[in-house]
Amino acid sequence: MTRLSVEMLAADAPEPITSAGHAQLGIAVLAGIAVIVLLITKFKLHAFLALTIGSLALGAIAGAPLDKVLTSFSTGLGSTVAGVGVLIALGAILGKMLADSGGADQVVDTILAKAGGRSMPWAMVLIASVIGLPLFFEVGIVLLIPVVLMVAKRGNYSLMRIGVPALAGLSVMHGLVPPHPGPLVAIDAVKADLGMTLALGVLVAIPTVIIAGPLFSKYAARWVDVPAPDKMIPQRASEELDKRPGFGATLFTVLLPVILMLAKALVDIVVDDPENLVQRVFDVIGAPMIALLASVLVGIFTLLRPAGFSKERISPLVEKSLGPIAGILLIVGAGGGFKQTLIDSGVGQMVLEISEDWSIPALLLAWLIAVAIRLATGSATVATVSAAGLVAPLAADMSTTHTALLVLAIGAGSLFLSHVNDAGFWLVKEYFGLSVGQNLKTWSVMECIISVVAGGIVLLLSLVI
């Protein structure tokens with residue numbers, strides 16, 4: 001960076017709300033995170049409340065006036081929800097449309113009809129990756145579990161041979177690929193380019209999901225050989241429908257936001273002229289909100305109408321889709337408030353200085369911070385938003401590609417070692433009828449593989465692009 005750009009950056013940086021030294025700030029960070037971890041794990045407090053209280057504790061221990069801490073937290077919460085709240089809501093609506101119309105079942109059944117034998121694990125990872133694009137992780141699990149259990153039972157497959165690839169597809173999409181909440185929040189925090197992050201996220205996701213899914217499932221099936229539990233096979237959405245949307249129309253609707261956002265990124269690279277009419281058009285239609293909104297509107301005609309949904313049923317469907325994301329929005333918002341408190345307290349600048357003194361690559365530091373918070377809290381989303389707040393200053397002098405890789409390093413770290421403090425751990429355990437030990441040997445190891453492989457690929461890409 002030039003001297004002038006550094007001076008401009010310094011001028012734009014927020015005034016720290018405390019003049020505490022590195023030692024006091026370090027203690028404040030550890031104490032704030034410890035409060036969050038303790039409230040979530042020991043007292044089972046909702047992550048929104050834990051993040052709010054942790055932010056106040058951080059500011060107080062850093063020696064900041066409480067009114068300024070409240071201002072920082074409120075500002076961060078508001079800007080984060082403003083940045084990603086609408087996107088999360090649109091993603092939830094699209095996911096609900098996909099599930100209730102039977103579109104997801106149509107994609108699943110079509111792909112499974114073409115697959116068999118050794119190709120079945122690969123079919124499962126493909127299904128999970130496609131269906132997982134617009135769906136939250138927990139929704140994806142509930143949607144795909146019936147398929148996993150039925151395929152394992154009817155085809156006499158090992159449950160782990162079929163289940164691990166499906167879980168890998170969902171988890172990788174959740175941690176690395178927008179428009180999932182975690183990546184979106186990290187993109188907003190470090191001011192990364194969404195199209196570039198999406199493109200690189202898909203590039204990192206493909207080898208990661210292959211290694212952690214079909215390849216690892218061979219070993220997981222040997223370590224844990226269990227049958228599919230009959231009692232856990234729930235009813236599929238399309239069993240109550242007389243008809244459902246076509247495979248091509250469903251696939252197009254799901255992939256439309258990705259196509260539009262990638263098209264914008266490609267035009268930005270090829271044209272590279274903000275005044276060019278073509279680039280201005282694609283800047284609008286490729287904006288995340290417009291891309292997702294377009295997919296939702298198209299879905300009314302490609303998903304809901306073919307499934308026999310009347311106009312009167314569309315509004316209640318949208319209303320039902322928004323209820324479950326209230327908690328996610330609050331967690332993401334509080335994470336943004338925690339992030340802003342970290343930055344305004346001077347913690348971000350401290351991390352920047354420490355990384356320079358210790359000569360730790362920024363991407364590795366981001367991955368390690370996300371891993372530590374994930375292990376402590378059990379939440380990939382909390383790990384992502386907290387780590388993004390801590391390392392945001394590192395992105396100030398990064399290129400567009402490296403800023404996108406910083407987001408992916410955070411996402412990869414946030415998936416490391418799901419264990420007993422993670423709700424996803426218990427969800428998988430109960431649906432698959434596993435013991436805690438069996439779940440650790442399969443699901444938890446798979447999450448570690450995803451995190452390490454994705455993190456390694458991100459570091460390799462940083463050396464060549």
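- Annotation for Pro183 and Gly175: closest pair CG-O, 3.6 Å, computed over non-hydrogen atoms.
- Other residues, nucleotides and ligands place no more than 12 heavy atoms under 6.0 Å from the CZ atom of Phe252.
- None of Leu255, Thr253, Val254 except one satisfies the side chain to side chain contact (heavy atoms under 4.5 Å, CB included) rule with Leu251; the exception is Leu255.
- Atom CG of Leu365 is separated from atom CD1 of Ile360 by 5.5 Å, given to the nearest 0.5 angstrom.
- Under the 4.5 Å side-chain criterion, counting only non-hydrogen atoms from C-beta, Leu434 is not in contact with Trp443.
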Stepwise, does the side-chain contact (heavy atoms from CB on, under 4.5 Å) test hold for Ile36 with Phe338?
CA-CA 10 Å; Ile36 294 169; Phe338 182 62; 3.8 Å; yes
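- Atoms CG and CD1, on Leu368 and Ile410 in that order, are 12.0 Å from each other to the nearest 0.5 Å.
- Side-chain contact check for His46 versus Ile331: some heavy-atom pair is nearer than 4.5 Å.
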Derivation of the side-chain contact (heavy atoms from CB on, under 4.5 Å) call for Leu159 and Phe432
CA-CA 8 Å; Leu159 180 58; Phe432 283 179; 4.0 Å; yes
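- Nearest heavy-atom pair, Gln279 versus Val267, reported as atom, atom and distance to 0.1 Å: CA-CG1, 3.8 Å.
- Side-chain contact between Ile210 and Val125 is absent, with no heavy atoms from C-beta onward closer than 4.5 Å.
- In this structure, the side chains of Ile162 and Met120 come closer than 4.5 Å at one or more pairs of heavy atoms.
- How far CD1 of Ile111 is from CD1 of Ile127: 5.0 Å, rounded to the nearest 0.5 Å.
- Contact of the Ile457 side chain with the Leu203 side chain is not registered, since no non-hydrogen atoms from C-beta on lie closer than 4.5 Å.
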After noting the C-alpha distance and the side-chain angles of Leu87 and Met289, does the key distance pass the side-chain contact (heavy atoms from CB on, under 4.5 Å) rule?
CA-CA 6 Å; Leu87 305 183; Met289 187 179 80; 3.8 Å; yes
Go through it in stages, so that I can follow the logic: the residues are Val445 and Leu440, the test is side-chain contact (heavy atoms from CB on, under 4.5 Å), and I'd like the CA-CA distance, side-chain angles, deciding distance and then a yes or no.
CA-CA 6 Å; Val445 172; Leu440 286 169; over 6 Å; no
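- Here the side chain of Asn439 pairs a donor or acceptor atom with the backbone of Phe425 at under 3.5 angstrom.
- Asp188 approaches Thr80 most closely through the heavy-atom pair OD2-CA, 4.1 Å.
- Other residues, nucleotides and ligands contribute at most 12 non-hydrogen atoms within 6.0 Å of the NZ atom of Lys218.
- If you take NE2 on His419 and SG on Cys448, they are separated by 9.5 Å, rounding to the nearest 0.5 Å.
- Under 3.5 Å, the side chains of Arg161 and Ser217 contain a donor-acceptor pair of N or O atoms.
- Using bins of under 30°, 30° to 60° and over 60° for the plane-to-plane angle, the ring pair Tyr219/Trp223 lands in the tilted bin.
- Formation of a donor-acceptor pair under 3.5 Å by the Ser418 side chain with backbone atoms of Ser444 is not found in this model.
- Rounding to the nearest 0.5 Å gives a distance of 6.5 Å between CG of Leu184 and CG of Leu194.
- For Ser295 (side chain) and Leu292 (main-chain N/O), no donor-acceptor pair under 3.5 Å exists by modelled atom type.
- In this structure, CG in Leu460 is found 10.5 Å from CG in Leu405, a value given to the nearest 0.5 Å.
- Between the side chain of Gln24 and the backbone N or O of Ala62, at least one donor-acceptor pair lies under 3.5 Å.
- The two atoms that bring His402 and Ile465 nearest to each other are NE2-O, 2.9 Å, heavy atoms only.
- In this structure the side chain of Phe416 reaches within 4.5 angstrom of the side chain of Val452, judged on heavy atoms.
- With contacts defined as side-chain heavy-atom distances shorter than 4.5 Å, the pair His174/Leu170 does not qualify.
- The shortest non-hydrogen separation linking Thr341 to Ser55 is CG2-O, 3.7 Å.
- Using modelled atom types, one side-chain atom of Trp367 and one backbone atom of Ser451 make a donor-acceptor pair closer than 3.5 Å.
- When all heavy atoms of Met398 and Leu394 are compared, the pair lying nearest together is CG-O, 3.5 Å.
- Residues Leu256 and Leu260 meet the side-chain proximity criterion, which asks for heavy atoms closer than 4.5 Å.
- Between the side chain of Ser171 and the backbone N or O of Leu167, no donor-acceptor pair lies under 3.5 Å.
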